[in-house]
Amino acid sequence: MSTIRIHDTMSGRDIRLDHDKIGIYLCGVTTYDDTHIGHARTIIVFDVLRRYLEEMGRQVNLVQNFTDIDDKIIQRADAEGRDALELSHSYIERYHQDFDRLNVKRATSYPQATTHMQEIIDIISELVKSGHAYVVDSGVYYSVESFYEYGALSKKNIRELRSGIRIDPEQDKHDKVDFALWKRTDTKPNWDSPWGSGRPGWHIECSAMSLKHLGRTFDIHGGGRDLIFPHHENEIAQSRACTGLPLARVWMHVGMVTISGQKMSKSLGNIKTTRSILDRWGPNALRLFCLSGHYQKPIDYTQELLVESLDLWRRLESCHYILEQMADTHDTIVHDEFDAALSSNFNTHEAIKIMGDTVREVGEMASAGSLYTDNANILYGRIARMISIFGLHISRPENTEQIQHDIAQREKYRRSGKYKQADIIRERLHAKNIELLDYKDGTVWVYHEIMPHNIRH
RNA sequence: GGUGAGGUGGCAGAACGGUUAUGCGUGGGCCUGCAAAGCCUAUACAAGAGGGUUCGACUCCCUUCCUCACCUCCA
C-alpha cells in the first residue's frame, strides 16, 4: 500500500519507489513570459504527487528550477528595452503569484541558472577534461558522439538525427548534433569563464543544479513530454558522462494540454495563461481540470471540461460542509481505493472518480436521512484527506455564528408559515455565497468559493 | 521518413482476458412551503477496419487506415 509505481519513460516500465526520502527534480519554466495552462498542468501534477508522497510519510525534496537566462529572455528584454535579468526576475515574481493562488506548495528549492554559474562552469570543465566536450571559437560544445547511450531516453539514433538537422551557418561545432554548453559572447548579460565571457547553454544548468541539490542519482526527474528531446536527453548525456551513474530512477513526463486537439503555441495564438484561467474559473476548478485526465495523456482544453470541473468542485464544497456539520470528529481517514489509484502510476483520473463516488454516497445518505454522526465522521475524514492531497482549498465564511443565528431565525419564520421573511433571509445569505440545504431534520449551510468573475457556470 | 502515444457509446474519458466504468448531455420521477442542492430511474449497435490466438477479447498477436506529439523554441 505504501509503495507507489510510476511509469518510467526510459525503460517503458512502471518502477516502484519505496525510499523513505524521495528526491524529485522538476524542470520548471523559462521566465520570459507568464505561464500558461500547460505549465500549470505539469506543476500541479507534481504538486499532488508530492502531497501524496508526504501524506504517506515520505520525505520529499522537490527541486524545481527557473531558467532565468536564455536567448528568449534576452530577445524579449531587447524588444521591450528592459534588462534581461530584471525581466526574468519579474516573471519569477509573477510565477509565484500565480502558483500561490493555485495553492501549489512551494518547492523545497527553486534554483536558478544565474546563481549557479560556478557549478555550471565546474561541470563544463569536467566534461572538457574527460573529452566529452570541446572548445571552439563560438564556445564549448558537447560531443554527442562521445556518449554511447545518447538517444536512450527519446529512442533516437544519432545518424537519423544528423540527417534531419537544418544547416546552422554560424556554428563551428564539429558535428551538427552537438549542442552548446557555453555560448561565448561579449554582450551582456554574460559571465566570465575559462573559455571567455559568455552564457551557459540551456541544458547544462539542470545537470549542474540537480547534481548540487539532489546528488548524482535521484528518484524522479520530471517535466512536460516535450522536454524528452532534446532537453532531458542532453541532461542525461552531460550528467552521466560526469558521474557515470544514472541521473534518475524514474523519468516522469506529463502530457500536453491541447486546444482543439493541437498543442498550444505562440504561433497559433492559442495560449491560455494560468492567470486568465484563474481569473475566470478559480484555483480549485483549474486544479481538478488538470488532474481530470491521466497525467501521461494529453488533455484538451475546452469550456465544457472546465464547467465539469467547476461543477464537481461545487458538489465537493457542499459535501464537505454537510459532513463537517454532521461529524463530531474531524480527523482525516485513508480511503484505500483512492490510495490504490494514486499508487498505480498516479492515476488521478481514477482517484477523482473515487472521490466523486464518495460525494455521491454522501448525497444519497443525506437525501435518505441516513447520515449520522458515526458515518459522517468516516466520510468527512476521507473527503478531507482527498481534498488535501489534491491541494484543493475550501473557502470559509467570516462569521459562522451569524449564519447559525440566521438559519434559526429562518426556521422560526418557516414554522409559522412566514415564508416571505424566511426567503429574505435565504436570499441575504445567498448574496454572501452561502447556500442553504434543507433536509428533513434540519438545514445545512454551505459556503462557496467566490469566483473572481462570479459566474456559477 | 524515424520515434513514441493513441483510436471506446451524442461528447469527454478509464479499467480489465469473461461481470454496469464514470462524468457531461438527454427523458421521466422523488424530496421541498416554494426554491436551491441532492437523490432515484431511463437512455447509448460502445469499441477505426480486417484477420488470428482463446471456451471467451475493447483488453493479447499480426496487417492496414487514421489522429496527435517529438525530431535542437517548447511544460
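Chain identifiers are assigned alphabetically (A, B, ...) following the order of the sequence lines, protein sequences preceding nucleic acid strands; residue numbering begins at 1 within each chain. Just so you know, these numbers use all the heavy atoms, side chains as well, and skip hydrogens, waters and symmetry mates.
Residue contacts for A:Thr9: at a heavy-atom cut-off of 4.0 Å it reaches no nucleic acid atom on any strand shown. Among the protein residues, A:Val177 comes within range of the nucleic acid bases, having at least one heavy atom under 4.0 Å from a base atom. Among the atoms of the strands shown, base atoms are found under 4.0 Å from some heavy atom of A:Lys72. A:Leu436 comes within 4.0 angstrom of a base, heavy atoms only. Nucleic acid contact for A:Val362: none, since no nucleic acid atom lies under 4.0 Å from a heavy atom of the residue. Residue contacts shown for A:Gly293 are absent, as no nucleic acid heavy atom lies under 4.0 Å away. Residue contacts for A:Asp423: at a heavy-atom cut-off of 4.0 Å it reaches a base atom on one of the strands shown. In this structure, A:Gly255 reaches the bases: a heavy-atom distance under 4.0 Å links it to at least one base atom across the strands shown. Residue A:His231 is classed as having no contact, given no heavy-atom separation below 4.0 Å to the nucleic acid. Counting non-hydrogen atoms under 4.0 angstrom, A:Arg410 reaches a base of the nucleic acid.
If you run side-chain hydrogen bond (donor to acceptor under 3.5 Å, both in side chains) between A:Asp34 and each of A:Arg275, A:His39, A:Gln97, A:Arg94, only A:Arg94 comes through.
Using atom C1' as the reference point in both B:U41 and B:A47, the two lie 26 Å apart (nearest Å). Nucleotides B:G52 and B:U59, compared at atom P, are 14 Å apart to the nearest Å. For the C1' atoms, the distance linking B:C60 with B:U54 amounts to 10 Å, nearest Å. The P atoms of B:C24 and B:G13 are separated by 16 Å, rounded to the nearest whole Å. Rounded to whole Å, the C1' atom of B:A44 lies 13 Å from the corresponding atom of B:G27. Separation of the C1' atoms belonging to B:C62 and B:G18 is 23 Å when rounded to the nearest angstrom. As rounded to the nearest Å, B:A21 and B:C16 have C1' atoms that lie 10 Å from one another.
Remark: A:Ser154 engages A:Lys156, A:Ile228, A:Phe229, A:Glu233 in a side chain to side chain contact (heavy atoms under 4.5 Å, CB included) (not counting sequence neighbours). A:Glu337 pairs by the side chain to side chain contact (heavy atoms under 4.5 Å, CB included) definition with A:His335, A:Ile354, not counting sequence neighbours. Partners of A:Glu80 by side chain to side chain contact (heavy atoms under 4.5 Å, CB included), not counting sequence neighbours, listed by chain and number: A:Arg76, A:Arg82, A:Leu87. With sequence neighbours left out, the salt bridge (Lys or Arg N to Asp or Glu O under 4.0 Å) criterion links A:Arg184 to no other residue.
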Identify all pairs in which a protein N or O lies below 3.5 Å from an N or O of nucleotides 7-9 of chain B, and state each distance.
none

Taking only N/O atoms, report every protein-nucleotides 18-24 of chain B pair under 3.5 Å with atom names and distance.
residue : atom : partner  : partner atom : Å
B:A21   : N1   : A:His349 : NE2          : 3.3
B:G23   : OP1  : A:Arg360 : NH1          : 2.4
B:G23   : O2'  : A:Glu308 : OE1          : 3.1
B:C24   : O4'  : A:Glu308 : OE2          : 3.4

For nucleotides 66-71 of chain B, which of its nitrogen or oxygen atoms have a protein nitrogen or oxygen under 3.5 Å away, and what is each distance?
residue : atom : partner  : partner atom : Å
B:C70   : OP1  : A:Lys263 : NZ           : 2.4
B:C70   : O2   : A:Lys156 : NZ           : 3.4

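For the residue pair A:Ser344 / A:Asn347, no side-chain donor-acceptor distance below 3.5 Å is found, with atom types taken as modelled.
Between A:Tyr419 and A:His39, the one whose closest nucleotide on RNA chain B sits nearer the 5' end is A:Tyr419. Both A:Ala366 and A:Lys440 lie close to RNA chain B; mapped to their nearest nucleotides by heavy-atom distance, the more 5′-ward contact belongs to A:Lys440.
A donor-acceptor pair is defined here as one N or O able to donate and one able to accept, closer than 3.5 Å; no such pair exists between the side chain of A:Asn65 and the backbone of A:Pro111. Side-chain N or O atoms of A:Ser210 include one that pairs as donor or acceptor with a backbone N or O of A:Cys206 at under 3.5 Å. A:Asp68 places a side-chain N or O within donor-acceptor distance of the main-chain N or O of A:Thr114, the cut-off being under 3.5 Å.
Computed from coordinates, the A:Leu227 CG to B:A5 P distance equals 18 Å when rounded to whole Å. In this structure, A:Ile383 places its CD1 atom 14 Å from P of B:G38, rounding to the nearest Å. The nearest whole Å value for the distance from the NZ atom in A:Lys155 to the P atom in B:G1 is 22 Å.
Identified under the ring-ring contact (aromatic ring centres under 6.0 Å, His included) test for residues 143-165 of chain A, with sequence neighbours left out: none. Evaluation of the ring-ring contact (aromatic ring centres under 6.0 Å, His included) test over residues 345-371 of chain A, restricted to residues two or more places apart or in two chains, returns none.
One donor-acceptor pair, N or O on each side, does fall under 3.5 Å between the base of B:A35 and the side chain of A:Arg426. For A:Asp438 against B:A35, a side-chain N or O and a base N or O form a donor-acceptor pair under 3.5 Å.
Proximity of residues 319-327 of chain A to RNA chain B (heavy atom under 4.0 angstrom from any strand atom) is not detected for any residue.
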For residues 248-256 of chain A, which side-chain N or O atoms pair as donor and acceptor with protein atoms under 3.5 Å away, sequence neighbours left out?
residue  : atom : partner  : partner atom : Å
A:Arg249 : NH1  : A:Asp219 : OD1          : 2.9
A:His253 : ND1  : A:Thr9   : OG1          : 2.7
A:His253 : NE2  : A:His232 : ND1          : 2.8

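Nearest to the side chain of A:Thr30, among B:G33, B:A75, B:A37, sits B:A75.
Remark: aromatic rings of A:Phe338 and A:Phe390 are close, center separation under 6.0 Å. Ring to ring, A:His96 and A:Tyr110 are close: their centroids are under 6.0 angstrom apart.
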If pairs are Watson-Crick or G-U with both distances under 3.5 Å, what is the dot-bracket string of RNA chain B, marking crossing pairs with [ ] and pairs to another strand with |? (((((((..(((.....[...)))((((((.......))))))....(((((..]....))))))))))))....

